[in-house]
Amino acid sequence: MHDFARNLLIALMVGAQVFAVAALWPLSEWAVSAPRRTGFAVALLAIAACVALCTLGFVPPLVRPGSWRWVLGQLLGWSPLPLFMVLPAAACVASGQSLARAGLPARYARATALCVGGVAVVLAPLATLMAGCGLAGACL
């Protein structure tokens with residue numbers, strides 16, 4: 001890859017992470033304001049897909065086509081970067097919704113959702129690398 005293309009890709013990824021951090025504030029308010037089952041379900045589905053992608057690096061290498069790892073890799077192989085860019089928002093919505101449903105006051109639920117989203121912003125690049133090497137079969 002040429003240096004310009006690599007630098008452009010890195011700049012776009014950093015810009016997306018900055019946008020994700022800026023979007024957490026209104027997203028946490030949206031998540032805590034009212035119970036939304038669809039938003040909560042979509043957030044949990046995105047988190048589960050991210051966890052599934054990250055576990056691919058720790059399971060034994062692909063043995064044959066048709067195995068569960070091969071099928072999962074084919075289904076989710078095109079999506080690590082966009083999926084992990086959504087991870088901070090999904091973590092923020094899921095934590096905000098679950099804490100609001102548990103009866104925590106909105107102010108504290110929102111602050112906790114922001115913190116969880118911030119931690120997800122820090123962990124998302126590392127998780128993307130782990131998922132990418134797991135899909136390539138290079139982690140073990």
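We number each residue from 1, following the sequence as shown. Computed from a predicted model, the values in this text were never measured in an experiment.
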What's the spacing between [X] [atom1] and [Y] [atom2] if we round to 0.5 Å?
| X | Y | atom1 | atom2 | answer |
| --- | --- | --- | --- | --- |
| Leu104 | Ser95 | CG | OG | 10.5 Å |
| Cys92 | Leu87 | SG | CG | 11.0 Å |
| Ser28 | Leu99 | OG | CG | 11.5 Å |
| Leu114 | Glu29 | CG | CD | 10.0 Å |
| Arg37 | Arg101 | CZ | CZ | 6.0 Å |

Is the shortest side-chain heavy-atom distance between Val121 and Leu24 below 4.5 Å? yes
Donor-acceptor pair, distance only, cut-off 3.5 Å: does the side chain of Gln97 make one with the backbone of Phe40? no
In short, Ala89 meets Leu27 closest at the heavy-atom pair CB-CD2, 3.3 Å
Report yes or no: is the cationic atom of Arg110 (NZ for Lys, CZ for Arg) under 6.0 Å from the centre of the six-membered ring of Trp30, at an angle within 45° of the ring normal? no
Give the cluster check for Ile47 versus Leu83: same hydrophobic cluster or not, with ILVMFWY residues linked at side-chain heavy-atom distances below 4.5 Å. yes
